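Take a look at the structure below.
Just so you know, these numbers use all the heavy atoms, side chains as well, and skip hydrogens, waters and symmetry mates. As the structure is a computational prediction, the values presented were derived from the model and not from experiment. Labels below follow one simple rule: chain letters A, B, ... track the order of the sequence lines, proteins then strands, and each chain is numbered from 1.
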Protein chains: 2
Amino acid sequence: MKKEQKAADNPAAFERSSCPITNVLDLFGDKWTLLVIRDLVLGKRRYQELIVSPEKIASNILADRLKKLEDAGIITRQAYQQKPARYEYRLTQKGEELQPILEAIITWGLKYYPGTTIFPRIERY
Amino acid sequence: MKKEQKAADNPAAFERSSCPITNVLDLFGDKWTLLVIRDLVLGKRRYQELIVSPEKIASNILADRLKKLEDAGIITRQAYQQKPARYEYRLTQKGEELQPILEAIITWGLKYYPGTTIFPRIERY
DNA sequence: TATAGTAACTTGCAATTTGCAAGTTACTAA
DNA sequence: TTAGTAACTTGCAAATTGCAAGTTACTATA
């Protein structure tokens with residue numbers, strides 16, 4: 001639906017409605033974004049670390065999701081070297097506070113998808 | 001990616017990986033499915049009740065999501081009259097147990113999307 | 001008998017997103 | 001000069017989303 005028509009119904013200028021769930025899903029409602037958050041929680045930082053996962057995320061999808069998360073203030077992108085510039089991604093406070101959502105999903109998933117197991121955190125110095 | 005190649009990497013035959021989050025997102029990782037669950041939690045039962053929401057879900061998307069949720073055992077579809085057959089949808093126990101996920105999303109959403117408010121439950125007899 | 005209304009969808013198709021796989025950039029190392 | 005690396009971008013086919021009209025199986029009304 002056109003943004004202008006939704007705006008008419010929606011004076012506070014949320015994208016689809018004033019429901020918090022709707023607004024969260026506007027950012028996280030796809031199959032990949034919360035998996036990127038998972039991997040950052042587990043300690044991955046660099047693009048090459050994030051691209052390696054059993055789910056085999058496509059590199060244009062990973063790049064797209066990282067950009068959206070950065071724009072939303074969920075993660076930061078920081079250079080760890082200069083020539084050439086290379087970057088690490090970290091969760092912000094806002095991003096860290098997504099963990100209860102992941103935990104609730106894990107709780108439900110472990111119960112209803114027997115045989116699933118939580119992935120280990122990677123060691124970081 | 002082809003299902004056969006993923007199956008090779010994935011002996012327990014999960015769609016993408018053995019992570020519980022991944023499996024939950026295989027069903028809920030889109031912008032609409034958790035909103036359908038929200039509306040069922042709020043007491044909506046019939047298709048015409050579910051189709052009316054500020055987010056203006058498309059009727060083919062609603063039908064598609066209800067079918068998927070029924071196939072996954074999250075909701076039931078029961079006739080409330082016979083001629084013509086007309087149906088109500090209810091959450092199963094498995095579906096009710098999604099509420100902690102919605103609650104975690106709401107908690108984060110209320111904090112980070114100021115001005116959002118939780119929708120009221122509808123009165124039911 | 002004809003017409004209108006209702007609820008629960010289905011359909012055709014355009015627009016958008018996903019995902020494959022190759023390519024690009026800006027460096028360093030050999 | 002060539003190869004390697006990390007972080008993406010690109011072109012394009014396949015899949016999904018979403019619009020809006022249509023269908024089905026009934027009942028109500030004139």
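Of the candidate nucleotides dA22(C), dA7(C), dA6(D), dA6(D) has the atom nearest to the side chain of Gln48(A). Of the listed nucleotides (dT17(D), dA8(C), dG19(C)), dG19(C) has the atom at the smallest distance from the side chain of Ile61(A). With dA20(D), dT28(C), dA8(C) as the choices, the nucleotide that has an atom nearest any side-chain atom of Lys83(A) turns out to be dT28(C). When distances are taken from the side chain of Ala63(B) to each of dA26(C), dC9(C), dA6(D), the shortest belongs to dC9(C).
Using a 4.0 Å cut-off on heavy atoms, none of the residues of residues 71-79 of chain A approach DNA chain C.
The closest side-chain donor-acceptor pair between Arg45(A) and Tyr89(A), if any, does not fall under 3.5 angstrom.
For Asn60(A) against dC8(D), a side-chain-to-base donor-acceptor contact under 3.5 Å is absent.
Applying the side-chain contact (heavy atoms from CB on, under 4.5 Å) test between Phe28(B) and each of Ile101(B), Val36(B), Thr33(B) identifies Thr33(B) as the sole match.
An OP1 or OP2 oxygen of dT17(D) is reached within less than 4.0 angstrom by a side-chain nitrogen or oxygen of Arg65(B). Note on Tyr80(B): a side-chain N or O is less than 4.0 Å away from OP1 or OP2 of dA8(C). Trp32(A) has no side-chain polar atom (N or O) that falls below the 4.0 Å cut-off from OP1 or OP2 of dT17(C). The phosphate of dA7(C) (OP1 or OP2) has no side-chain N or O of Tyr89(B) nearer than 4.0 angstrom. Proximity of Tyr87(B) to the phosphate of dA25(D): no side-chain N or O atom is located under 4.0 Å from OP1 or OP2.
Taking atom CZ on Arg16(B) and atom P on dT18(C), their separation rounds to 12 Å, with Å as the unit. Nucleotide dT17(C) holds its P atom 12 Å from the CG atom of Asp30(A), rounded to whole Å.
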